[in-house]
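Indexing begins at 1, ligand by ligand and atom by atom, following the structure's order. If you read the sequence from its start, that first residue is 1, and numbering goes on from there.
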Amino acid sequence: MKRRKRLSIEDYKSGVLSGDRVALSRAITLVESTLESDNEVAAKLIDEIYDFTGNSFRVGITGVPGVGKSTFIESFGNQILEMGKKLAVLTIDPSSQKTGGSILGDKTRMERLSQSKNAFIRPSPSGDALGGVAHKTRETMLLCEAAGFDVIFIETVGVGQSETAVKNMVDFFLLLMLAGAGDELQGIKKGIMEMADAIAINKADGENIKNAKNAQREYQNALHLFPANENGWIPKVNICSALQNEGLKDIWKTMQEFLLQQKQSGSFNENRKEQSIHWMHQTIHHFLKQNFYKNPEINKKMSKFENEVRSGNKHSMQAARFLLNEYFK
Ligand code: GDP
């Protein structure tokens with residue numbers, strides 16, 4: 001495919017800031033690029049737009065496949081659009097990097113949303129390590145903020161790999177669950193429950209309403225057993241039916257209560273500052289690692305040292321120390 005001519009940084013910047021979707025898409029493609037020359041331009045672009053970021057409500061949404069994430073995002077997202085807000089939906093799907101397939105699937109997800117001019121949907125890039133993808137998602141989020149989106153959803157598949165990264169880039173983390181047959185706490189890692197600012201028990205419709213209400217009580221009790229959040233927020237459990245548009249207003253209300261409480265207590269800004277520090281370290285880790293493995297001298301020696309470790313001539317830490325000394329000398 002013929003590569004389109006690259007825009008100038010000024011063009012990217014003015015396009016993104018004016019909310020031009022084509023410019024925004026192209027800026028995201030630039031951020032996702034693995035070409036070094038693109039990375040430099042992308043970094044400059046992020047510098048340029050940084051002052052215009054930070055104004056959205058950043059929401060992480062997770063849950064196992066089948067829980068109803070796309071249906072929920074479609075219904076909840078449309079409710080947000082009806083309030084006159086602009087919504088961006090970014091997805092991180094670690095499965096797509098490993099297998100080329102995707103848990104999130106190729107089915108047309110969020111059909112109505114994808115047709116609205118006030119919504120912007122972008123799946124995660126593939127073919128890179130999760131650390132890299134998370135970086136790119138965060139930068140994409142910043143671009144969307146600069147483009148004027150008021151609410152940003154970052155969706156993950158809830159299988160435990162990307163949730164920590166997402167938790168570290170959002171203000172509010174929503175876990176979607178189902179009322180199971182008795183075994184309510186199965187299926188999702190306890191660590192993920194601890195991250196949640198709210199749980200929404202989906203598919204609370206028809207005969208399932210009673211189960212959902214029972215599960216709501218159970219989860220609310222289970223959450224009380226976790227150590228209290230440092231930010232003073234007690235996670236809430238709501239029930240909803242994404243399919244029938246029920247209970248979604250309560251979830252928005254929970255989010256508004258959270259925002260009010262967090263802003264009043266100062267926790268909102270504290271959290272964002274801590275997240276910035278986290279991403280500073282992540283960026284350092286990411287680039288050091290990339291640079292190390294790309295280093296030609298290290299590359300030449302790598303298989304020799306792998307063999308030494310394999311044959312028992314060197315133990316793993318010796319070999320690692322030797323290679324690191326080579327790199328830093
Ligand atoms: P995802 O894999 O988490 O994105 O889940 P989907 O949104 O694709 O939903 C999986 C299935 O559950 C689909 O057949 C949906 O129609 C169904 N579903 C989603 N939300 C609800 C709901 O609130 N009630 C009911 N009864 N079914 C739902």
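- Taking each of Lys203, Met110, Gln244 in turn, the one with a heavy atom nearest to atom 21 (C) of ligand 1 proves to be Lys203.
- Between Asp205 and ligand 1, at least one pair of N/O atoms sits closer than 3.5 Å.
- Considering backbone and side-chain N/O of Ala204, none are found under 3.5 Å from N/O of ligand 1.
- Contact check for Glu145 versus Asn55: no side-chain heavy atoms found under the 4.5 Å cut-off.
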Apply side chain to side chain contact (heavy atoms under 4.5 Å, CB included) to residues Gln261 and Gln264 and explain how you reach the verdict.
CA-CA 5 Å; Gln261 192 243 28; Gln264 278 176 348; 5.6 Å; no
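- Here the shortest heavy-atom distance to atom 4 (O) of ligand 1, taken over Ala242, Ser70, Ser241, Gly247, belongs to Ser70.
- Under 3.5 Å, the side chains of Arg310 and Asn307 contain a donor-acceptor pair of N or O atoms.
- Looking at Gly68, Ala200, Gly206, Ser75, it is Gly68 that brings a heavy atom closest to atom 6 (P) of ligand 1.
- Heavy atoms from other residues, nucleotides or ligands lying under 6.0 Å from NZ of Lys294 number more than 12.
- Under 3.5 Å, the side chains of Arg122 and Thr29 contain a donor-acceptor pair of N or O atoms.
- Distances below 4.0 Å separate heavy atoms of Pro65 from the following atoms of ligand 1: 2 (O).
- The parts of Leu243 lying near ligand 1 are both backbone and side chain, judged by heavy-atom distances below 4.0 Å.
- Considering only heavy atoms from C-beta on, Lys329 stays 4.5 Å or farther from Glu297 through its side chain.
- Under 3.5 Å, the side chains of Ser33 and Asp38 contain a donor-acceptor pair of N or O atoms.
- Ring orientation note: the planes of Phe72 and Phe76 are close to parallel, at an angle under 30° on the 30°/60° scale.
- Distances between N or O atoms of Gly66 and those of ligand 1 include at least one value under 3.5 Å.
- Backbone and side-chain nitrogen or oxygen atoms of Lys69 are examined, and one is located within less than 3.5 angstrom of a nitrogen or oxygen of ligand 1.
- Atoms of ligand 1 lying under 4.0 Å from at least one heavy atom of Val64, given by number and element, are 3 (O).
- Under a 4.0 Å heavy-atom criterion, Ile73 is not in contact with ligand 1.
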